[in-house]
Each structure stands twice: as structure tokens, then as C-alpha cells.
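Only this structure's heavy atoms are used, side chains among them; waters, hydrogens and symmetry mates stay out. We're numbering straight along the sequence, starting at 1. As the structure is a computational prediction, the values presented were derived from the model and not from experiment.
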Amino acid sequence: MASALVLTTACTSEKQDVQPANNWSVDRFADIEVLRYEVPAFEQLSLQQKTLVYYLTEAALWGRDILWDQNCKYNLAIRNLCEAVYQNYQGDKADPQWKAFEQYMKQIWFANGIHHHYSNAKFQPGFTQEWFDSQLSALPEELAVELSAKCNGLEGIDAAMFDSTCLRIKTNQADGVDLIQTSANNYYGEGVTQQEVENYYAKLKNPKDQTPVMFGLNSKMVKENGKLVEKTYKVGGLYGAAIGKIVENLELAAPYAENVQQKKVIADLIQYYRRGDLKDFDTYSIDWVKDLQSKVDFINGFIESYGDPLGLRGAWEGMVNFKDSANTARTEIVSANAQWFEDHSPIDDRFRKPVVKGVTAKVITAAILAGDSYPSTPIGINLPNSNWIRAQHGSKSVSIDNITAAYDAAAAGNGFGEEFMWSDEEVQRAKQYAHYVDNIHTDLHECLGHGSGQLLPGVDPDALKAYGSTLEEARADIFALYYMADPKLVELGVMPNTEAYKAGYYQQMMNGLMTQLVRIIPGDNLEEAHMRNRALIAYWTLERAKQDEGTPALEFARKDGKTYVRINDYDKLRQYFGELLGELQRIKSEGDFEAGRKLVETYGVKVDPELHAEVLARYKKLNIAPYKGFVNPRYELVKDAEGNIMDVKIIYGSETYPEQMLRYGRQYSAL
Ligand code: ZN
């Protein structure tokens with residue numbers, strides 16, 4: 001999995017900082033922090049829109065157990081057993097066995113199963129099998145009978161929980177082994193081999209088909225009488241009981257659709273869930289891409305295939321959202337001025353686009369996170385995944401502002417800025433502007449950066465080969481950095497003043513030079529394209545500033561035995577960013593592989609082991625969780641005496657993380 005934060009495009013926006021802790025925080029265990037998020041402007045939706053959100057939300061929550069079962073066939077049984085113990089425990093809560101069990105329970109809730117959501121490794125319980133068995137035997141008779149019925153002859157639950165040698169990896173990506181046989185997920189049945197599956201789909205695929213369906217997306221593959229069979233996820237098929245509840249709620253939502261197109265989207269999805277035909281899914285996806293007028297939007301289905309080592313089968317995912325009009329207006333202003341930015345870009349005239357079109361991205365507010373997007377969630381989404389649909393009909397690109405706002409609010413006060421920033425001036429500026437400037441950076445990067453500039457005639461678009469994606473991300477990032485400081489943005493009303501950008505400059509330099517190193521382990525080089533590009537920009541600029549007379553514009557400085565990044569001259573820094581933008585554009589336009597390779601290898605790969613060790617030690621003291629996720633708000637229908645819907649109420653903070661998980665388990669279990 002490239003990044004848990006992001007879905008499928010070549011360019012993905014991911015959260016850069018590695019922060020949180022305070023009243024946005026609702027739970028903290030192992031390497032996880034659970035936050036809450038707000039849904040601003042929900043009250044301003046019309047009653048029709050709110051009701052639509054309500055039923056779509058229900059449709060989203062009913063998919064939860066599908067994902068649990070997809071992740072591993074033991075997951076639901078283990079969850080049932082653990083929840084029974086969790087709720088019936090009478091013993092001492094200071095007992096280390098209980099403490100370890102409580103952590104395990106929270107971990108599997110968060111991961112939607114017994115494997116870590118990001119690393120894919122199986123959790124190893126810190127309590128003994130004897131302790132767990134004794135808790136099970138102490139359960140009330142009736143509950144024990146019910147549980148054993150639910151486990152329904154499933155063998156090997158003990159080993160799944162306690163034997164560290166079995167089911168070790170949820171999705172194995174290692175080279176040279178059978179990826180299906182060595183993966184613990186439930187996308188393939190017993191005895192199915194990678195070779196067989198590859199042969200099966202090779203036969204199905206017609207190279208001449210211009211509009212191929214996404215084979216395997218909505219089924220489990222099993223072997224019956226020695227033959228491979230697809231068990232389709234649909235009403236009346238595999239996961240039929242849960243899918244039936246999803247359909248039921250989609251049908252309740254349909255009358256509240258905002259327009260004809262949206263009504264069609266919902267009807268398409270229902271048809272697809274009923275028939276399980278992937279052609280229906282394509283029809284749905286095309287209609288979904290065309291639905292640009294609706295305020296409310298949603299994702300509901302088998303979407304991302306990172307969980308299948310062969311990248312075919314889709315994990316069930318749900319999200320309901322609505323357009324954030326104020327923030328979308330900002331991206332539209334940026335897009336509408338695309339030509340001005342292109343004309344004023346500090347690049348050679350030959351590399352400039354005579355006519356440039358900005359891409360409009362939508363900013364959304366998430367109303368519910370579900371399935372593969374819950375509790376850990378992306379902050380940006382670009383769908384659909386079908387290549388030909390993207391090429392012929394386009395895609396929707398969104399960023400989820402209330403989620404990034406929650407991350408940022410939680411981060412303020414976790415001590416990260418105080419630990420790593422040079423002085424209080426930078427800390428205060430970050431508190432005031434960081435969230436805002438982050439968003440502007442994303443707009444400039446996504447809406448303009450990638451689309452600016454042109455190749456010289458005859459230059460191969462793949463000339464930069466393996467360095468292409470790092471250099472392309474660096475080009476879009478440096479474009480954003482250069483323009484972030486432009487007075488034009490203040491003039492357009494996009495930036496509040498000529499100070500705010502400094503928060504972005506400092507954050508980017510500190511991150512690229514130092515703090516992003518908390519994400520890798522000692523001895524490793526930088527591998528991931530986004531991390532490489534940030535290091536490239538920061539270290540190139542640091543080197544460039546060494547030519548300054550007197551105090552350099554950017555430098556490492558020491559204080560109380562610690563290393564810090566110092567920016568002494570923001571104007572000059574912007575000038576250097578302009579130079580680097582010119583060079584990165586030249587490399588791309590001319591396809592100068594050698595220069596590109598040199599830039600990446602010199603500035604973007606190597607890690608100073610001493611600085612790395614220092615950063616890790618300082619970060620560790622802050623006790624900041626490397627992974628975050630969210631609890632959802634609750635929605636409630638308000639009805640009058642005749643049963644008419646009068647309002648939809650949104651409720652925050654009424655339940656803890658365990659309470660939400662237990663309620664979902666009670667209310668939305670069909671499997
Ligand atoms: Zn990008």
C-alpha cells in the first residue's frame with residue numbers, strides 16, 4: 001500500500017505532519033490516536049439534503065462487516081468473542097492481562113480485523129490464551145451458546161489469535177512467493193494459487209476491448225471441484241444480507257435525491273448491488289462522475305484494491321459528504337486565474353503553455369466515514385479507478401477539509417511545534433495560518449502545478465523514468481511554494497495577508513530537512529516519492545543559500561544542544577524557489593534524465609544518520625501517535641406525531657470510541 005491516506009491517482013495529497021493530542025483526541029492506545037471531527041454547516045443543509053445524508057449514512061454503516069470479513073475470515077468471529085469478554089469482564093481492571101486485552105480489542109476495532117491497518121502485520125496479543133479461555137468460560141450460558149452458533153464450525157480461531165506463525169500478513173507484497181497463499185485476507189478460498197488466478201483473468205481479458213470492466217472487483221474467488229469460481233458480492237450472493245440492508249437504505253435515500261442525475265446514480269448502484277454485474281458498476285461510475293450539480297455526494301461500494309495482493313478485488317468502502325462551498329470557491333478562484341500564473345511563472349518561455357486550463361477540485365465536508373475509510377481515512381480522493389472511464393468521462397478530485405481541520409486542531413498543543421520550531425514566532429505563525437496555508441498549497445499544487453508548462457516537441461513523456469514521479473511532485477510543490485508568497489494571492493482574496501505564507505515556507509523547510517524523518521527507521525534511505533521531493537526541495541535550497549553573503553537565507557542552527565531550521569530571509573527563499581522551479585521545468589520540458597537523476601540522488605535520497613537519530617529521539621519524547629483515525633458523529637431523525645421527518649439532528653461526543661464500536665457491532669451486523 002503506497003499510502004493509507006490516499007486513494008488512487010498518480011498524484012496524491014497526503015497529510016505531511018505527523019502530529020496530535022488534546023480535546024479533539026478521544027482515545028490513545030498502541031500506535032494509534034482516535035480523534036473526532038466536526039461537520040460544519042450541516043445545519044445549513046435543507047431538510048431534503050439532511051434526510052438524504054441520513055439514509056446514505058445508514059447505507060454506509062451497513063457495509064462495515066463486509067470489510068471485516070474481506071480482511072480475514074476469522075475477523076468477525078474473533079470480534080464477537082472479544083466483545084463478549086470486553087462487555088462481561090468482572091475482574092480487576094488494573095490486571096495486566098486485562099490491560100493487554102483492552103488494547104488488543106481497540107487495535108482490532110481500529111484495523112477492522114486482526115492485522116494492522118497500515119503495516120498489514122498480525123497483532124500479537126499481550127494476554128495469554130489461558131486467560132482468554134478462562135474469560136470465555138465465565139460468560140453467561142446463553143451468550144456462550146449464541147457465540148458458538150455464530151462461530152459456526154469455523155476452525156482455527158485460537159491459532160488465528162495466538163499462533164504468531166500463522167496468518168502473519170494480511171496482504172503480502174513480497175517478491176518470489178505465492179502472494180495469495182501467503183496472504184491472510186479472505187479474497188481467495190482454500191487452495192487457490194496465484195498462477196491459477198493470473199491464468200483465469202488472462203483468459204478473460206480481451207486486449208481489443210476499449211471499455212473493459214474491472215475484473216474481479218466484486219467477488220471472492222474459490223475452488224470448487226478443482227475449478228475456479230467467482231462468488232459475487234450481491235443481493236442473494238456473498239454478503240447478500242449486508243448488501244440487502246445497504247440497498248434498503250439506498251431506496252429510502254432515493255426520494256430525497258437533489259436532482260434527476262443523482263437519482264440515476266442511486267438507481268444505478270442499486271441495480272449493480274442486485275445483479276452484481278460489473279458493467280452496471282461502470283454505468284454507475286460514469287453517472288457518478290457526471291453528477292456535478294448535487295451538494296451531497298457519496299461513495300458506497302467495492303472501491304480500492306490495495307488489500308488484494310493481485311490488485312483486483314475491491315475493499316468495501318463508504319463515505320457521505322457535501323460540498324464545502326466557501327472553500328470550493330477558493331479553489332475556483334485559483335483555477336480561474338490559471339493563465340495569469342502560467343504567464344508569470346519563472347520558467348523559460350519555450351516551456352510555457354500558451355493556453356492553460358486550471359483543474360477545479362472540490363472541497364468537501366465528510367458526514368460519515370465507513371468501511372475501508374473508517375476509522376483511518378484519506379484526506380483526498382480521486383475516483384473512479386477505471387482507466388478508460390477516467391480518460392473518457394473524467395474523474396472527481398476532492399479534498400476533505402473537516403478531516404484536515406481536525407488533524408490540525410488536534411496537532412495544535414501536542415508540543416510538536418514547540419519542540420522542533422526555532423522560536424515562538426514560528427510556533428505562533430503556524431497556529432494562526434498553518435491549516436489555511438496548507439489548503440492553499442494543495443490548491444496550487446493540484447489545480448495549477450501539475451498542469452503548468454509543456455514538453456518541447458518530440459520529448460518522450462517518460463524520459464525521466466523512475467525519477468519521473470519524484471520530479472513531477474517536486475515541480476508541482478515548488479510551483480505552489482513559489483506562488484504562495486505572491487501578492488497576487490492577497491489581491492485575489494485567497495491569502496489573508498503577506499505574512500501567512502511564511503508559515504507554509506517554514507513548515508515545508510522544517511519537514512523536508514528534518515521532521516519527515518520520523519516516518520522512517522534508522523538506516524533507511526528515503527524511498528517514497530513525496531518524501532523524496534520534499535527533501536529535494538529543502539536540501540537544494542539549503543545548498544543554494546550557502547552562496548549567500550553574510551547570514552544565509554536558510555540554515556541549520558543549534559540551540560541548547562538541539563538542531564533547528566532557521567529561515568533568515570523569506571524573500572530570498574522565494575527567489576531560490578523560483579530558480580528551482582525554472583530548473584525542474586527545464587528538466588521536464590527537455591526530458592533531461594541525467595540532470596533529474598542527479599537532483600534526486602544528491603538531495604532527495606540520503607539521510608544524515610546523526611540528524612535522523614536526534615529527530616527520532618526528540619519525537620519519541622512527545623509520545624505522538626504515528627497513526628490517526630476518527631469516531632463518527634451520530635445522526636438522528638426527528639419525527640412529528642404522524643411520523644413525518646421534521647429534522648435530522650447531528651450529535652457529537654455522546655459516545656466514547658469503544659461505545660461507538662460496540663454500537664456499530666449491535667446495530668449494523670448482518671453477516
Ligand atoms: Zn501532486
Ignoring hydrogens and geometry, is there a side-chain-to-backbone donor-acceptor pair from Asn497 to Ala500 under 3.5 Å?
-> yes
Main-chain N/O of Trp340 paired to Asn337 side chain as donor or acceptor, under 3.5 Å | no
Is the closest side-chain donor-acceptor distance between Arg390 and Asn387 under 3.5 Å?
-> no
Evaluate the criterion side chain to side chain donor-acceptor pair (under 3.5 Å) for residue pair Ser669 and Asp65; output intermediate values, then yes/no.
-> CA-CA 6 Å; Ser669 284; Asp65 285 359; 3.0 Å; yes
So, for Gln70 and Asn185, which heavy atoms are closest and what is the spacing to 0.1 Å?
-> O-CB, 3.7 Å
Given Gln48, Lys295, Gln49, the one that forms side-chain hydrogen bond (donor to acceptor under 3.5 Å, both in side chains) with Glu258 = Gln49
Measure from the side-chain N and O atoms of Ser25 to the backbone N and O of Leu35, and report whether any donor-acceptor pair falls under 3.5 Å.
-> no
Supply the atom-to-atom distance Leu67 CG to Asn186 CG, rounded to the nearest 0.5 angstrom.
-> 11.0 Å
Summary of ring-ring contact (aromatic ring centres under 6.0 Å, His included) pairs that have at least one residue in residues 255-282, sequence neighbours excluded | Tyr272-Phe281, Phe281-Tyr284
Look at Asp277 together with Lys234 and state whether they make a salt bridge at an N to O cut-off of under 4.0 Å.
-> no
Check whether any side-chain heavy atom of Ile645 lies under 4.5 Å from a side-chain heavy atom of Val638, and answer yes or no.
-> no
Compute the centroid of each ring, for Tyr627 and then for His117, and state whether the two points are separated by less than 6.0 Å.
-> yes
Between Asn382 and Ser395, is any side-chain donor less than 3.5 angstrom from a side-chain acceptor?
-> yes
Mind running side chain to side chain donor-acceptor pair (under 3.5 Å) on Ser285 and Asp282 for me, showing each step along the way?
-> CA-CA 5 Å; Ser285 297; Asp282 285 351; 5.0 Å; no
Can a donor-acceptor pair be found between the side chains of Tyr37 and Asn632 at a distance below 3.5 Å?
-> yes
What one should report as the nearest heavy-atom pair of Tyr505 and Ala485 is OH-CB, 3.4 Å
From CG (Asp69) to CG (Leu76), nearest 0.5 Å | 5.0 Å
Polar side-chain atom of Asp486 near backbone of Leu489 as donor-acceptor pair, under 3.5 Å = no
Chi angles and distances behind the side chain to side chain contact (heavy atoms under 4.5 Å, CB included) call for Val363, Val398 | CA-CA 5 Å; Val363 181; Val398 302; over 6 Å; no
Close side-chain approach of Lys264 to Asp268, heavy-atom, < 4.5 Å = yes
Indicate the atoms forming the closest heavy-atom contact of Gly665 with Arg64, along with that distance.
-> N-NH1, 3.3 Å
Nearest 0.5 Å please: distance from the CG atom of Asn112 over to the CD1 atom of Ile66.
-> 12.0 Å
Going by heavy atoms in the side chains, are Ile32 and Lys106 under 4.5 Å from each other?
-> no
Test ring-ring contact (aromatic ring centres under 6.0 Å, His included) on Tyr433 and Tyr501 and set out the steps.
-> CA-CA 8 Å; Tyr433 299 118; Tyr501 80 89; over 10 Å; no
Can you tell me how far OG1 of Thr328 sits from CD1 of Ile364, rounded to the nearest 0.5 angstrom?
-> 9.0 Å
Would you tell me whether Asn71 and Asn75 have side-chain atoms, one donor and one acceptor, within less than 3.5 Å of each other?
-> no
Option passing ring-ring contact (aromatic ring centres under 6.0 Å, His included) with Tyr239 (candidates Tyr233, Trp316, Trp62) | Tyr233
What do the steps show when you test Asn533 against Arg475 for side chain to side chain donor-acceptor pair (under 3.5 Å), and what is the final call?
-> CA-CA 9 Å; Asn533 110 57; Arg475 195 180 66 88; over 6 Å; no
Donor-acceptor pair, side chain of Asn511 and main chain of Thr515, under 3.5 angstrom = no
Within the side chain of Trp288, is there an N or O that forms a donor-acceptor pair under 3.5 Å with the backbone of Phe298?
-> yes
Arg79 charged N/C atom sitting above Trp68 aromatic ring, 6.0 Å / 45° | yes
Pairing of Asp297 and Lys362 as salt bridge, 4.0 angstrom limit = yes
Minimum heavy-atom separation for Leu52 to Ala253, with atom names?
-> CD1-O, 3.6 Å
Is the backbone N or O of Lys245 less than 3.5 Å from a side-chain atom of Asn249, with the two atoms forming a donor-acceptor pair by type?
-> yes
For Ala315, does its backbone N or O pair with a side-chain atom of Glu304 as donor and acceptor, under 3.5 Å?
-> no
Side chain to side chain contact (heavy atoms under 4.5 Å, CB included) assessment of Leu269 paired with Asn300 | CA-CA 8 Å; Leu269 184 58; Asn300 187 306; 3.9 Å; yes
Any idea which heavy atoms bring His445 and Asp477 closest together, and the distance?
-> ND1-OD1, 2.9 Å
Aromatic centroids of Tyr635 and Phe42 separated by under 6.0 Å = yes
Could you tell me whether Phe630 and Tyr374 have their ring centroids closer than 6.0 angstrom?
-> no
Find out whether Tyr436 and Pro496 are in side-chain contact, i.e. whether some heavy atom of one side chain is under 4.5 Å from a heavy atom of the other.
-> yes
Gap between atom OG of Ser305 and atom CZ of Arg313 - 0.5 Å precision = 10.5 Å
Does the Glu33 side chain pair with the main chain of Ala625, one donor and one acceptor, at a distance under 3.5 Å?
-> no
So, are Arg274 and Glu251 salt-bridged, with charged N and O less than 4.0 Å apart?
-> yes
Around atom NZ of Lys649, are there more than 12 heavy atoms of other residues, nucleotides or ligands at under 6.0 Å?
-> no
Any idea which heavy atoms bring Lys263 and Pro255 closest together, and the distance?
-> NZ-O, 4.4 Å
Got a donor-acceptor contact below 3.5 angstrom from the Ser119 side chain to the His116 backbone?
-> no
Working to the nearest 0.5 Å, report the span between CD1 of Ile403 and CD of Glu38.
-> 11.0 Å
Intermediate values then yes/no, side chain to side chain contact (heavy atoms under 4.5 Å, CB included), Tyr664 and Trp109 = CA-CA 11 Å; Tyr664 283 180; Trp109 276 330; over 6 Å; no
Going by heavy atoms in the side chains, are Thr365 and Ile400 under 4.5 Å from each other?
-> no
Verify whether one side chain among Asp27 and Thr656 offers a donor that lies under 3.5 Å from an acceptor in the other.
-> no
